[in-house]
2 protein chains.
Amino acid sequence: MSTETESVVDGVRRLVLSGQYASGDRLGEVELAAALGVSRTPVREALRLLAAEGLLEITPNKGARVVAWSPAELEEIFALRAQVEGLAARRATERVTPEQLDELERLAVEHSEATGAGPGYDLERVYELNALFHGRIVQAAGGGTSLTSVVNSLVHSVVLHRTLHTFDDVAMKRSSRHHVEIVAAMRSRDPEWAECVMRGHLLSARAALLGPRPHPGSPPTPTTL
Amino acid sequence: MSTETESVVDGVRRLVLSGQYASGDRLGEVELAAALGVSRTPVREALRLLAAEGLLEITPNKGARVVAWSPAELEEIFALRAQVEGLAARRATERVTPEQLDELERLAVEHSEATGAGPGYDLERVYELNALFHGRIVQAAGGGTSLTSVVNSLVHSVVLHRTLHTFDDVAMKRSSRHHVEIVAAMRSRDPEWAECVMRGHLLSARAALLGPRPHPGSPPTPTTL
DNA sequence: GGACCCCATATTGCATACATTCTGCGGGTT
DNA sequence: AACCCGCAGAATGTATGCAATATGGGGTCC
């Protein structure tokens, strides 16, 4: 929106991302207004925007809190991303330009290099490369406002950070290879291949983050026996 | 959010839905504030919320306008709904309770009856039954906040109304039978069946709304020859 | 005659003040 | 001792006033 409100949005995002405010913490309006040097009005608007985006949740007369993602919700988010970004990968493959392909390949290769050194990566860099890669896919898909906003509402920085931190070395390298394979599928102009790998990529991230998931037919809580 | 703001959200929605404001029309803050008998503050918040929801679009210092959906964006919306609500149908089938199944069946049957009389339906009733049906599927899917909000951001009342108005008798009856079939699939506890029918349901709606769509391999604009 | 500039007006963006609601604590009662 | 009532403090919700920016028209210059 306006320059002032938008800077507040970024400011609050930074505060949440940097861990100044953890999951479940309260975000007071006056407190933020003082911290960012503006009045309550733009702060209120920024909080509403971030709430609509899914990063905060607001309850009337009680204020804003950082959302606390339950495992069930994380599971749902990645299931949705598998569907939506799978679609994005398919469409991107149908429309991608050679320049975009080169850009994607560059990002995939750099991601590989950043994760190739074994444990002890530069997580910030890996995070950035990953976010760029997924964003460019959506962009290449001809991203109308709907696709873009749905993906944005699903890809919260906080979740991504948490995800990367829980990745072990195997999951990290697998994720990197997925990126490379997606580019290969797109170069082959094979939308179905690209879609499948992208879905697998996100479902594999879900598994790395949450472990195996129960399903209806499984025996009841075998882990407790 | 607060009672006042929420009532303004509903009020603006009604104004847009009833056609008081058409696609592309400007929504002045003072104008709405006067019309709804409140101050500009809750109006501003309501406009921001509706913009985040996708019904309006706001440009800094220029105010809010009703979004004008292009055919490409409508196409994208239904493609996304096919993915996301397909997932919802699958999960709903895995978790639905007998009571929810009865409710869904009731809605599907009423939808059938409302569309069975041939052209000249009560479109408002059909709209309501359709919205309820889709909403209950999401609910039965165990709708976490992510799934719910994504679907809500995709299912704009305005789009649905436009869609229903463009349905001919064949498309309307087909849509109704899809609802019945989805319930049948859920009763059979067949998630894959339910997912496929739901996806087909939405892609068929897309076709009814937009006509056949071009694809990469098709000859260039054969309609002009 | 056309294009450009400048200003008046209206609208949005931001700040502040008032009203309302929630929260936490203390005292009293059962 | 436990519970309930009521009040004080603080935070959110709403209204209004001021500043900044976009829009439209009239005038002037080329």
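Numbered from 1 within each chain, the chains take letters A, B, ... in sequence-line order. Heavy-atom basis, side chains included; hydrogens, waters and symmetry copies ignored.
Residues A:Phe133 and A:Leu104 meet the side-chain proximity criterion, which asks for heavy atoms closer than 4.5 Å.
Residues satisfying the side-chain contact (heavy atoms from CB on, under 4.5 Å) criterion with B:Val30, sequence neighbours excluded, are B:Arg40. By the salt bridge (charged side-chain N to carboxylate O under 4.0 Å, His left out) test, B:Asp102 is found to be paired with B:Arg187, residues two or more places apart in sequence or in another chain being considered. Partners of A:Ser70 under the side-chain contact (heavy atoms from CB on, under 4.5 Å) rule, at least two apart in sequence or in another chain, are A:Ala72, A:Glu73. Here B:Phe167 pairs with nothing under the ring pair (Phe, Tyr, Trp, His ring centres under 6.0 Å) rule; sequence neighbours left out.
Separating the CD1 atom of A:Ile58 from the P atom of D:dA11 is a distance of 16 Å, rounded to the nearest angstrom. Rounded to a whole Å, the CZ atom of A:Arg26 is 14 Å from the C1' atom of C:dG24. Atom CD of B:Glu45 and atom P of D:dG13 are 7 Å apart (whole Å). Rounded to whole angstrom, the span from the CD atom of B:Glu29 across to the P atom of C:dC14 amounts to 11 Å. A:Leu32 places its CG atom 13 Å from the C1' atom of D:dT12, with the value rounded to the nearest Å.
In this structure, A:Arg48 does not pair ionically with A:Glu45, as no charged nitrogen and carboxylate oxygen lie closer than 4.0 Å. The residues A:Arg106 and A:Glu110 are annotated as salt-bridged, a charged nitrogen and a carboxylate oxygen being separated by less than 4.0 angstrom. A salt bridge does not link B:Arg26 with B:Glu31: every distance from a Lys NZ or Arg NE/NH1/NH2 to an Asp or Glu carboxylate oxygen is 4.0 Å or more.
Closest to the side chain of B:Glu4, out of D:dA11, C:dA15, D:dT14, is D:dT14. Out of D:dG13, D:dA15, C:dA15, the shortest distance to the side chain of A:Thr41 is found at C:dA15.
Looking at heavy-atom distances under 4.0 Å, B:Leu47 makes no contact with the nucleic acid at all.
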Summarise protein proximity over nucleotides 17-22 of chain C in one line of letters, 5' to 3': B for base, S for sugar-phosphate only, - for none, counting protein heavy atoms closer than 4.0 Å. B---SS

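Overall, the helix from C:dG1-D:dC30 to C:dT30-D:dA1 carries an axis bend of 20° between its ends, with five pairs at each end and the value rounded to 10°.
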Applying side-chain contact (heavy atoms from CB on, under 4.5 Å) to B:Met198 and B:His178, what does each step give before you reach the verdict? CA-CA 7 Å; B:Met198 178 61 91; B:His178 286 157; over 6 Å; no

